[in-house]
Amino acid sequence: MILPERMSVYINSLDTGNGAFLDDLQRFAVENHVPVIRPDMQSFLKVLLAIHRPQRILEVGTAVGFSALLMAANTSPDCRITTIENYEKRIPLARENFRRAGMEERITLLPGDAMKILPTLKEPFDFIFMDAAKGQYIHFLPEVLRLLRLDGVLLSDNVLQDGDIIESHYAIEQRDRTIYKRMREYLYVLKHTEGLLTSVVAVGDGAAVTVKQADVTVPGKNIDEAAETPECAEAAGGLNTIDRE
């Protein structure tokens with residue numbers, strides 16, 4: 001955990017919930033091991049939406065539709081949400097949840113691989129919520145930035161990986177090293193690309209809040225090299241954390 005467990009329990013104890021339907025859906029997801037955003041991240045997301053007041057939202061990663069419904073419930077009736085999901089077994093359940101919540105007119109679910117779907121989208125979005133396969137964030141980023149309007153907000157969830165992001169490469173299990181490396185690359189690009197303003201905050205499993213302040217080109221240099229800079233190495237305890245596999 002990023003925060004001490006007692007602190008997380010206390011913060012979450014202050015929460016007032018999200019209404020009967022969403023609270024029941026969250027319980028269902030937890031009982032069936034379906035990932036949904038954590039309670040403190042839910043509160044953070046609701047505050048961002050209240051501040052930014054988006055009219056067009058793109059979500060990458062639907063699961064059973066919890067976060068899309070949470071965003072719909074905390075934006076104006078005119079707000080439209082497009083969400084992408086690649087896991088076939090969850091798509092019918094998400095659609096059913098949208099129908100049961102009366103949100104099928106406001107939420108459009110696009111089934112399939114986000115790498116193939118994102119290039120087909122043209123509408124600029126005010127707010128983009130990234131909550132899909134963590135190792136793919138860096139690959140989704142060029143299209144996501146293309147679709148984000150100027151002054152739009154990109155919210156990326158689970159970027160601190162329960163604290164593993166600061167560990168040495170050698171302390172990460174072999175099977176997790178690619179995701180670890182790619183997430184470090186992703187955060188480096190968000191923080192070092194001219195035209196992006198990003199804050200990484202220790203809420204939930206870590207979130208990156210990015211504002212697109214100008215037209216953006218993701219750095220063309222080798223991102224692996226960027227992530228090897230002394231600053232990044234020092235943040236990881238002075239060790240070279242780049243996966244050489």
Side-chain angles (χ1 to χ4, degrees), residues 18 21-22 25-26 29 34-38 41-149 152-159 186 190 203-212:
N18 297 302
F21 185 87
L22 281 172
L25 181 55
Q26 179 174 324
V34 177
V36 293
I37 57 176
R38 303 183 187 191
M41 182 63 179
Q42 295 169 28
S43 297
F44 186 64
L45 175 57
K46 289 189 287 186
V47 169
L48 283 181
L49 294 173
I51 294 171
H52 193 55
R53 299 182 181 277
Q55 292 297 299
R56 299 175 301 276
I57 295 176
L58 173 64
E59 176 185 52
V60 185
T62 313
V64 294
F66 178 85
S67 51
L69 287 169
L70 182 70
M71 291 189 288
N74 288 276
T75 49
S76 74
D78 295 331
C79 178
R80 295 294 180 265
I81 299 170
T82 300
T83 182
I84 302 172
E85 178 57 48
N86 194 36
Y87 189 29
E88 292 181 0
K89 292 183 178 180
R90 290 179 183 155
I91 291 169
L93 183 54
R95 283 191 167 134
E96 177 62 13
N97 287 329
F98 297 155
R99 186 195 65 77
R100 290 176 55 214
M103 292 292 185
E104 66 267 41
E105 296 298 321
R106 291 184 56 195
I107 303 174
T108 300
L109 194 158
L110 302 178
D113 184 352
M115 284 294 291
K116 296 178 180 178
I117 292 174
L118 289 170
T120 71
L121 302 180
K122 293 183 172 57
E123 182 178 23
F125 293 91
D126 308 309
F127 189 96
I128 299 179
F129 184 41
M130 187 91 83
D131 191 25
K134 312 313 166 197
Q136 298 303 312
Y137 282 17
I138 189 67
H139 299 307
F140 296 154
L141 187 59
E143 288 296 329
V144 163
L145 293 177
R146 177 184 68 83
L147 291 166
L148 188 64
R149 72 163 174 80
V153 172
L154 166 63
L155 176 62
S156 308
D157 197 14
N158 304 114
V159 299
Y186 181 72
L190 290 183
V203 59
D205 189 22
V209 185
T210 302
V211 179
K212 180 179 174 181

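To the nearest 0.5 Å, the span separating CG on Leu69 from CD1 on Ile81 amounts to 8.0 Å. Distance check, rounded to the nearest 0.5 Å: CD1 of Ile107 to CZ of Arg80 gives 10.0 Å. Atom CZ of Phe66 is separated from atom CE of Met71 by 10.5 Å, given to the nearest 0.5 angstrom. Taking CG of Asn86 as the reference point, atom NZ of Lys116 lies at 8.5 Å (rounded to 0.5 Å). Note that the CG atom of Asp157 and the CG atom of Asp205 stand 7.0 Å from one another [nearest 0.5 Å]. Here the straight-line distance linking atom CE of Met115 with atom CZ of Phe140 works out to 7.0 Å at 0.5 Å rounding.
Nearest heavy-atom pair across Ile91 and Leu109 is CG2-CD2, 4.0 Å. Heavy-atom minimum distance, Val64 versus Val34: CG1-CG1, 3.8 Å. Taking all atoms of both residues into account, the shortest heavy-atom contact from Val36 to Ala29 is CG1-CB, 3.5 Å. In terms of heavy atoms, Ile84 sits closest to Gly112 at CG2-O, 3.7 Å. Between Ile117 and Pro111 the shortest heavy-atom distance is CD1-O, 3.4 Å. Scanning both residues, Ala208 and Val159, for their nearest heavy atoms gives N-CG2, 3.9 Å.
Annotation: side chain of Tyr137 is not in contact with side chain of Leu141 (no heavy-atom distance under 4.5 Å). The side-chain heavy atoms of Leu70 and Leu45, taken from C-beta on, include a pair separated by under 4.5 Å. Two residues are said to be in side-chain contact when any heavy atoms from C-beta on lie closer than 4.5 Å; Arg106 and Thr75 meet this criterion. Between Leu155 and Met130, every side-chain heavy-atom pair lies at or beyond the 4.5 Å cut-off. For the pair Ile37 and Phe129, the minimum side-chain heavy-atom distance is below 4.5 Å. Considering only heavy atoms from C-beta on, Thr62 comes within 4.5 Å of Phe98 through its side chain.
Between Lys46 and Asn74, the side chains place no donor N or O within less than 3.5 Å of an acceptor N or O (distance only, hydrogens not considered). Ser156 and Tyr186 form a side-chain donor-acceptor contact under 3.5 Å, judged by distance and modelled atom types alone. For the residue pair Asp78/Gln55, the side-chain donor-acceptor check at 3.5 Å is not satisfied. One side chain, Glu59 or Ser67, offers a donor N or O that lies under 3.5 Å from an acceptor on the other.
Side chain of Lys212 to main chain of Leu148: a donor-acceptor pair is present (N/O by atom type, distance under 3.5 Å, no hydrogens or angles).
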For this session: I would like to know whether Thr83 and Val60 meet side chain to side chain contact (heavy atoms under 4.5 Å, CB included); could you show each step before the answer?
Result: CA-CA 6 Å; Thr83 182; Val60 185; over 6 Å; no
Problem set entry | Full working for side chain to side chain contact (heavy atoms under 4.5 Å, CB included) between Asn97 and Leu25 | CA-CA 8 Å; Asn97 287 329; Leu25 181 55; 3.5 Å; yes
For this session: Would you sort out whether Thr82 and Phe125 count as a side chain to side chain contact (heavy atoms under 4.5 Å, CB included), showing the intermediate values?
Result: CA-CA 9 Å; Thr82 300; Phe125 293 91; 4.0 Å; yes
For this session: Would you please test Val209 and Val153 for side chain to side chain contact (heavy atoms under 4.5 Å, CB included) and show each step?
Result: CA-CA 7 Å; Val209 185; Val153 172; 4.1 Å; yes
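For the side-chain contact (heavy atoms from CB on, under 4.5 Å) with Leu58, the lone residue among Asp126, Leu121, Leu154 that qualifies is Leu121.
Looking at Glu123 and Arg56, a side-chain N of the basic residue comes within less than 4.0 Å of a carboxylate O on the acidic one, giving a salt bridge.
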